[in-house]
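Worksheet for the structure shown next.
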Amino acid sequence: MKQQLEQIALAARAELSKISDQADLEALRIRFLGKKGELTAIMKGMAGLSAEERPVIGQLANRIRAEIEQEITERLAEIKAAASEAKLRAERLDVTLPGTAPKLGKIHPMDKVLHDIEDIFIGMGFDIAEGPEVEYDYYNFEALNLPPDHPARDTQDTFYVTDNVLLRTQTSSVQIHVMENKKPPIRIISPGRVYRSDPLDATHSPIFHQIECLVVDKGITMATLVGTLDMLLKRIYGEECKIRLRPHHFPFTEPSAEVDIVCFNCGGKGCSMCKGEGYVELLGAGMVHPKVLANCGIDPEVYSGFAFGLGLERMTMGKYGINDLRLLYENDLRFLGQF
Ligand code: PHE
């Protein structure tokens with residue numbers, strides 16, 4: 001029996017040295033020390049021993065059991081340490097590797113043109129005024145000399161909230177807010193979103209952007225208007241840019257003009273973009289109508305003013321040679337990344 005026990009001890013040690021895995025170690029523990037294990041089986045057979053032999057063998061069996069247990073515990077610690085070591089080695093972080101640069105966005109081409117225009121006007125002492133996009137009929141039409149049933153309302157059909165409240169069709173509504181709240185001298189621009197019930201195509205959108213300009217003071221003339229426009233457009237498009245003024249009608253300016261720029265697509269030869277004209281319409285302008293000044297409590301006998309409203313989309317398309325307005329709204333990064 002003594003021999004058997006010593007053999008078990010030897011066998012257990014030999015197996016232990018080969019094990020490198022926690023599950024195998026547990027299997028080994030069960031095999032030698034478990035309830036149905038080899039050592040237990042021998043100890044069960046001790047009943048048949050003599051009274052002298054029993055304590056000797058018992059002691060030996062207990063010692064061997066304790067030794068095997070001790071060695072299993074030690075081996076387990078070694079296996080765990082090796083595993084965590086291997087894990088650390090596998091997860092090692094090389095802090096000297098170059099990082100992944102985050103993708104940075106870019107300023108939208110319309111914002112670029114807007115910021116340029118704002119800078120030009122701020123440099124001349126203008127303020128930037130804001131007005132509501134949801135507007136009373138009065139500010140969008142009536143105070144601008146467009147009473148109900150005025151035929152010019154047809155060209156600016158819009159979205160109505162109630163009969164009296166609508167989405168503004170033009171930033172000209174801000175002229176009225178500004179003149180109601182401030183006395184001349186007035187020098188403002190007012191950029192913002194405007195709405196018209198136009199279908200979307202290469203040159204129209206039901207939502208687009210305008211920049212309104214209003215100057216009211218003593219001695220403001222058509223020459224001040226043309227000088228300001230000429231300076232603005234040369235700063236945006238370059239010294240060689242050519243504009244023309246065409247007589248036009250707006251109910252809130254008198255005289256009125258439409259301002260065209262030589263077509264940026266064909267350079268004036270005539271193409272589908274300018275419908276063969278050689279020019280594209282850029283903005284509406286004129287001298288503030290005396291009735292509009294009077295509507296806002298400004299004496300038209302003392303003061304005069306000019307106003308213009310330009311389309312930011314058109315300005316941007318002209319500046320960058322974009323031939324379809326829809327590209328500005330689609331947020332396609334392949335397009336936007338070019339500017
Ligand atoms: N509000 C006009 C439009 O949208 C443009 C304009 C502004 C004309 C100011 C004259 C003066 O067509």
Side-chain angles (χ1 to χ4, degrees), residues 117 121 126 128-133 135-147 150-159 166-179 186-198 203-217 220-230 232-233 243-261 279-293 295-296 298 300 303-316 325:
I117 293 173
F121 280 101
F126 281 62
I128 296 183
E130 274 185 65
E133 289 174 32
E135 189 55 284
Y136 287 112
D137 183 284
Y138 178 78
Y139 289 93
N140 195 77
F141 291 130
E142 224 173 317
L144 288 165
N145 216 12
L146 278 131
H150 192 292
R153 284 195 179 206
D154 284 354
T155 61
Q156 298 197 8
D157 192 16
T158 182
F159 305 92
L166 45 85
L167 299 187
R168 68 178 179 191
T169 62
Q170 47 186 349
T171 44
S172 297
S173 55
V174 186
Q175 289 187 30
I176 307 300
H177 288 289
V178 170
M179 286 192 283
I186 291 170
R187 276 191 293 269
I188 61 104
I189 60 164
S190 182
R193 216 173 270 146
V194 298
Y195 303 81
R196 294 188 194 176
S197 56
D198 288 337
T203 52
H204 295 85
S205 162
I207 304 176
F208 60 105
H209 300 78
Q210 288 188 332
I211 302 174
E212 193 79 7
C213 176
L214 173 70
V215 173
V216 183
D217 203 350
I220 300 296
T221 67
M222 201 74 184
T224 336
L225 167 63
V226 176
T228 307
L229 276 175
D230 195 51
L232 169 70
L233 297 174
I243 59 169
R244 75 173 181 195
L245 270 72
R246 266 182 299 113
H248 197 72
H249 171 262
F250 295 106
F252 40 93
T253 47
E254 181 58 35
S256 303
E258 268 190 340
V259 181
D260 301 339
I261 184 165
Y279 281 88
V280 282
E281 181 201 324
L282 207 54
L283 56 95
M287 301 305 293
V288 182
H289 197 291
K291 261 188 163 174
V292 174
L293 291 175
N295 282 344
C296 302
I298 294 174
Y303 294 103
S304 58
F306 74 73
F308 63 81
L310 57 83
L312 183 56
E313 280 79 354
R314 290 240 171 112
M315 287 288 281
T316 308
L325 173 136

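When a ligand or atom number is given, it counts from 1 through the structure's own listing order. Along the sequence shown, residues are numbered consecutively beginning with 1.
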Exercise for the section: Count the heavy atoms of every other residue, nucleotide or ligand shown that sit under 6.0 Å from CZ of R193, and state whether that count exceeds 12. Expected result: no
Problem - side-chain contact (heavy atoms from CB on, under 4.5 Å) partner of F250, chosen from H289, Q170, E258 - result: E258
Completion exercise
Closest non-hydrogen atoms of I220 and S304, given as atom of the first, atom of the second and distance, are O-OG, 2.7 Å
Exercise for the section: Would you give the length of the straight line joining atom CG of L312 to atom CG of L283, rounded to the nearest 0.5 angstrom? Expected result: 12.0 Å
Fill in the blank from the handout: Residues E212 and G309: closest non-hydrogen pair is OE1-CA, 3.8 Å
Exercise for the section: Take the angle between the ring planes of Y139 and Y136 and call it parallel below 30°, perpendicular above 60°, tilted in between. Expected result: tilted
Exercise for the section: Tell me the residues surrounding ligand 1, counting only those with a heavy atom closer than 4.0 angstrom, sorted by chain and number. Expected result: Q156, Q170, S172, Q175, R196, Q210, E212, F250, F252, T253, G284, A285, A307, F308, G309
